[in-house]
Amino acid sequence: MRYTLKTKFSLAIAMVVLLTVAVISFLTNYLFEEQFGAYMKRQQDQKTQAIAASLSQQYSIHTDTWNVESIHTIGMSALYEGYIIKVFDQRNRILWDAQAHDMSLCTDIMEDISIRMENKYPEINGDFTTKTLQLDNGSAAVGSVKVIYFGPFFLNESDFQFLDNFNTVLGGIALFSLLFSVLVGVLLAKRISTPILKTVDAAKQISDGDYSVRILERPGSSEVDMLMHSINDLAESLQKQEVLRKQLTADVAHELRTPIAIVQAQTEAMLDGVWAPTAVRLQSCHDEITRMGKLVNDLENLAKADADNLKLKKTEFNFLELVDDVITRHEADIKQRNLKIKVDGHETRLYADWDRMSQVVINLLANAVKYSEDGGEIGITILETQHSVVFAIQDNGIGIPEEEQPLIFERFYRSDKSRARKTGGSGIGLAIVKSIVEAHGGKVSVKSQVNQGSCFEVVLPKVPKP
Ligand code: ADP
């Protein structure tokens, strides 16, 4: 059986409190009984001494007489407290005897005490004991007193009352703490379980495909707060992915529609015999099919760049060497366009994925070549700062309008569609660059002016080789 957090929490707290109260009650009672017995015995001794002392004062040395009236008062008050006394003078004659004075009262009081003590403390095996104390006037003995009381100790009416009250208070405290702890447990569990239940609800909605859900609750504990944040982040990134997926599908469909329509129309016309399949027309069909092939290739590269985000094959290498390698591979293109290329930089160690970084440099260099006028200049700079490696590629080509600069890193964005079609671009190259650079924890940015040229800058953090 699965219990809710609320039940578990309340039960746990109640159990802890119950245990604590039980231990405290046990210890209190144990210590109390232990100490109380010894204390009461001391009290009894002091009391009998006090009775003897006040009786001694009733003797007058001048007249050699006793104040029997006062002795009676002392005797009665002692009787009510549980002490039966018998007072003798010097010559052992009885001066006052509680039992002789009121036998039935004495019996009542003593019976009362013995019944109560036997009920409450059967283990002490108490019984009536007799103690004789000397009465003296400071220098000589003037008489004696015989005290009968319940030993080894006894509790009178008010002592019992005190103990009863004490136990009632203890019980009250236990009951109150128990109720209070259950209440606190319920409230605390509610505070924890409410946001968790909301999170569960949100997670359910997300799994049902509703990515717009967000948890707005502000929970008290940081763990639940983190959980909520994670769920919110999850919903947000799923929502972004969903938008990207839809956009990508629409873009791909749009990109493929034009070449397919062209090829379809041309081949149909040729099949119907409307057009003769001349070399020029076949070449045009071939160009469109090549474009589609390139697009599929680019898409493949993009998918790879995204998928590889998590598994970069990093090695340590000289970044300048990578740049030189890419330039060598593009030499034919550069020469054909009569472009001048200048590399400024020295050996720079970088811990990154060689193949992916090559792709970045290839795409940026290909763009610089593509969007430069024949005979233009391309400058490459490699810089090393304390925490990063900066790679910049500058051309003096056609440039990018300012309002389009933030958009060119998006998939399928081409600043001038007709021009891009001519240059064979599909608008994926910079999206791949961005993906790879970000996977390395870096940033790519552009500064450009129309007809002046563009400068793309890649900043990569220096990651030490593990
Ligand atoms: P494409 O395959 O179209 O070049 P990219 O993603 O590489 O796709 O570039 C997106 C757009 O950014 C290009 O269509 C182009 O308009 C613009 N662009 C990129 N690089 C440059 C550059 N060096 N000079 C001018 N425009 C550029």
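Read the numbers this way: they start at 1 and go in the same order the structure lists the ligands and their atoms.
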In ligand 1, which numbered atoms sit nearer than 4.0 Å to a non-hydrogen atom of K370?
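The atoms of ligand 1 under 4.0 Å from a heavy atom of K370 are 1 (P), 2 (O), 4 (O).
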Element-labelled atoms of ligand 1 that are located less than 4.0 Å from some non-hydrogen atom of S454
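Once the distances to S454 are compared, the set is 22 (C), 24 (N), 25 (C).
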Any ion pair linking [Y] and [X] (charged N to carboxylate O, less than 4.0 Å)?
| X | Y | result |
| --- | --- | --- |
| R329 | D325 | yes |
| R116 | D112 | yes |
| E242 | K246 | yes |
| K47 | E81 | yes |

Side chain, backbone, both or neither: I428 near ligand 1, heavy atoms under 4.0 Å:
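Backbone only; the side chain of I428 stays clear of ligand 1.
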Determine whether the side chain, the backbone, both or neither of F456 has a heavy atom under 4.0 Å from any heavy atom of ligand 1.
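The side chain, only.
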Parallel, tilted or perpendicular: ring planes of F409 versus F456, cut at 30 and 60 degrees:
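Rings of F409 and F456: perpendicular, over 60°.
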Judging by distance only, is a nitrogen or oxygen of L430 under 3.5 angstrom from one on ligand 1?
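Among all N and O atoms of L430, at least one is under 3.5 Å from an N or O of ligand 1.
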Determine whether any heavy atom of N363 lies closer than 4.0 Å to an atom of ligand 1.
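N363: no contact with ligand 1 (<4.0 Å).
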